[in-house]
Amino acid sequence: MSWREEAQEIHRRRELAEACGGVAAVEKHHAAGKLTVRERISGLLDERSFREVGKLAGKATYIDGKLTGFEPAPYVMGLGAIDGRAVAVGGEDYTIRAGTGFGSDRRKGGQGGFVEDLAFEYRIPLINLIDGTGGTVNTVKRKGYSVIPGYGWDGFERSASLMGIVPVVSAVMGTVAGGPAGRAVLAHWTVMVRDTSQIFAAGPPVVERAFGTRLHKNDLGGAKIAADTAGTIDNVAADEADCLRQIRRFLSYMPQNAWELPPSIVSADRVDRCEDALVDIIPRSDRRAYNMKKLVSMVVDEGSVFEIQPTFGRAVITSLARMNGHVVGVIANNPMVGGIVDVKAARKQSHFIELCDSFNIPLVFFVDVPGLLVGVESESEAIMRFGIQQRYALAQATVPIYTVIVRKCFGVAGGSVMDRSGLNFKIAWPSASWGSLPIEGGVKAAYRKEIEEAPDPQAREAEIEAELRALSSPFRTAEAFAVEDLIDPRETRPYLCQFIEAAQHRLRTQTGPKARTGVRP
């Protein structure tokens with residue numbers, strides 16, 4: 001007696017599942033410039049590493065006990081590997097009913113389901129390849145009753161619990177709305193594909209019905225809105241292949257879970273590399289801009305920078321990078337766009353600080369900040385609330401933090417990189433200046449009466465500025481040990497590398513999910 005017939009039936013059904021929604025549906029999908037979910041998973045993972053789970057799930061039809069038709073479940077998921085490290089991965093099969101409507105009480109993935117349980121229980125990263133439109137009004141007809149949102153397997157409880165323990169990546173691979181859009185945002189890092197991906201709470205037909213405004217889906221939730229304007233999505237890929245490459249690269253900086261350190265590599269870049277151009281990069285005039293990205297690249301390991309949210313909150317640059325092979329998070333003010341912290345920049349910093357702290361990644365600040373953005377518009381957007389939220393996130397951070405003051409460091413925004421307990425490690429370049437307010441402008445406010453009563457108010461203001469400028473020299477602060485060190489800019493890389501290397505001993509003793517107490521201001 002043998003089970004060969006049943007074993008052969010398993011293989012036959014697997015082949016039916018691999019056909020996705022059929023030849024016509026797949027061709028239409030390809031014509032739109034999109035890969036199928038199986039092609040995406042294949043392109044993302046290490047070769048031959050994918051072990052699919054639930055491949056036989058779907059809707060079957062029978063006549064006299066014999067299979068006559070089979071529609072696979074519109075969700076594909078399982079276990080795989082990236083650079084030899086295990087990951088849980090899943091995504092909608094858009095070629096089958098737009099990736100919706102499996103109709104089972106036990107979900108394979110999406111909002112809840114097996115793939116999230118797998119990531120949670122095995123403590124491995126989760127990758128969501130999102131290409132589904134969420135719920136539809138015909139659900140009531142299919143079920144025979146109206147379902148309360150969030151009931152049963154449709155909630156975000158497991159999704160939320162994952163955020164504290166494993167890296168979660170969401171890639172928006174098509175047009176997503178409703179629940180799938182919410183799941184896309186509930187991640188540590190998000191990416192979308194330019195032109196072929198959109199994300200919104202509800203699509204153009206709903207908006208048109210509500211407001212009478214007809215919009216193209218790109219105008220409502222394309223990259224320009226979702227990434228550049230709103231910051232809903234972190235990064236944008238040129239095409240799907242680029243999207244998959246970016247996912248692999250982001251995860252290369254992440255540990256498997258909160259109990260581990262990020263993967264270190266043997267760096268080919270010399271620790272003692274001292275770039276001579278660093279001593280000349282800061283202009284003598286503080287009104288002139290310079291390339292902060294270039295500055296950072298001359299300090300961190302060559303070719304190691306991976307920028308997060310490059311088109312949102314551009315007054316601040318947030319990047320993952322390496323120093324002597326160890327992963328660090330870099331936060332740098334961007335003088336090319338003024339460097340003044342607005343609401344978007346403050347939001348961006350807060351999220352990045354929490355990301356790095358959650359996964360045991362030390363933070364390196366390169367500071368050149370005139371302050372928070374002032375004015376009616378900025379105040380209307382609650383600049384003080386978001387500015388203080390960034391300080392709150394930093395105050396709760398547990399990872400080592402290194403501050404390099406390269407030029408300006410003023411006001412609430414400047415204090416944000418100093419406001420923390422612990423070692424509070426800060427070094428400065430000779431081009432640095434700091435205080436509650438810049439001398440220019442601040443003198444007029446602090447010495448208004450004295451200036452007004454002087455025989456030559458303009459000359460007296462200049463005299464006071466010169467006097468305070470001499471007292472504000474970074475050498476004076478270094479003499480008082482009010483800054484840990486004043487260094488030659490060319491020494492920045494070897495200086496930081498040595499301390500980051502030493503901090504690895506501490507990092508190994510404080511792993512695990514981070515408790516964040518209190519309420520954000």
Side-chain angles (χ1 to χ4, degrees), residues 44-46 49-51 78-90 115-128 158-171 186-191 234 246-267 300-301 304-306 308 318-331 351-364 393 396-402 422-423 496-497 499-516:
L44 173 67
L45 301 179
D46 294 351
S49 72
F50 185 49
R51 176 68 61 184
L79 181 68
I82 292 179
D83 294 332
R85 298 194 298 161
V87 297
V89 60
V115 75
E116 290 193 342
D117 291 342
L118 175 63
F120 182 86
E121 296 293 344
Y122 282 30
R123 296 180 179 177
I124 57 177
L126 172 66
I127 305 166
N128 295 310
R158 176 63 86 205
S159 307
S161 64
L162 283 168
M163 292 293 285
I165 64 170
V166 299
V168 179
V169 169
S170 286
L186 199 55
H188 295 104
W189 180 72
T190 56
V191 60
D234 296 322
Q246 287 195 39
I247 293 171
R248 289 181 67 97
R249 184 150 191 222
F250 173 80
L251 288 175
S252 73
Y253 297 93
M254 293 291 116
Q256 289 293 86
N257 53 58
W259 290 269
E260 298 181 11
L261 296 189
S264 294
I265 63 173
V266 177
S267 176
V300 301
D301 290 358
S304 71
V305 173
F306 181 73
I308 306 295
T318 52
S319 303
L320 295 167
R322 284 189 168 84
M323 296 285 286
N324 194 25
H326 296 300
V327 178
V328 295
V330 175
I331 298 178
H351 178 81
F352 189 73
I353 289 167
E354 290 182 348
L355 167 67
C356 291
D357 189 51
S358 293
F359 295 111
N360 311 307
I361 299 172
L363 285 160
V364 180
Q396 290 204 328
T398 62
V399 293
I401 296 176
Y402 308 89
L423 196 59
L496 289 176
C497 280
F499 278 87
I500 290 166
E501 181 70 43
Q504 300 304 307
H505 301 285
R506 168 189 160 180
L507 285 166
R508 283 192 284 270
T509 68
Q510 63 174 53
T511 58
K514 304 299 188 293
R516 306 195 192 282

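No experiment lies behind these values; they were computed from the predicted model shown.
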Between [X] and [Y], which heavy-atom pair has the shortest distance, and what is it?
X    : Y    : answer
V115 : G90  : CG2-N, 4.3 Å
P362 : N360 : CD-O, 3.7 Å
S252 : R85  : CA-NH2, 4.1 Å
P262 : F359 : CG-O, 3.5 Å
P167 : L251 : CB-CD2, 4.2 Å
P400 : L507 : CD-CD2, 3.6 Å

Validation row, ring centre H188 to ring centre F250 under 6.0 Å: no

Nearest 0.5 Å please: distance from the [atom1] atom of [X] over to the [atom2] atom of [Y].
X    : Y    : atom1 : atom2 : value
R508 : E260 : CZ    : CD    : 13.0 Å
L320 : M254 : CG    : CE    : 5.0 Å
I401 : I353 : CD1   : CD1   : 7.0 Å
W189 : D234 : CH2   : CG    : 7.5 Å
T318 : F306 : OG1   : CZ    : 10.5 Å
H326 : S264 : NE2   : OG    : 4.5 Å

Any donor and acceptor pair, going by atom type alone, linking the side chain of [X] with main-chain N or O of [Y] inside 3.5 Å?
X    : Y    : result
Q256 : P125 : no
K514 : G164 : no
Y402 : F499 : yes
N257 : I165 : no
S304 : A321 : no
S358 : E354 : yes

Determine, step by step, whether T190 and V169 satisfy the side chain to side chain contact (heavy atoms under 4.5 Å, CB included) criterion, reporting the C-alpha distance in whole Å, the side-chain angles of both residues, the deciding distance to 0.1 Å, and the verdict. CA-CA 6 Å; T190 56; V169 169; over 6 Å; no

Do [X] and [Y] have side chains that approach each other closer than 4.5 Å (heavy atoms only, starting at C-beta)?
X    : Y    : value
I82  : I127 : yes
L79  : I124 : yes
V305 : V330 : no
E116 : L126 : yes
V364 : I331 : no

Residues R506 and T398: side-chain donor-acceptor under 3.5 angstrom: no

Does the side chain of N324 pick up a donor-acceptor pair with the side chain of S267 at under 3.5 Å? no

For R248 and D46, run salt bridge (Lys or Arg N to Asp or Glu O under 4.0 Å): C-alpha distance rounded to whole Å, both residues' side-chain angles, the deciding distance at 0.1 Å, then the answer. CA-CA 10 Å; R248 289 181 67 97; D46 294 351; 3.2 Å; yes

Just do the side chain to side chain contact (heavy atoms under 4.5 Å, CB included) check on Y122 and V166 with the steps written out, would you? CA-CA 10 Å; Y122 282 30; V166 299; over 6 Å; no

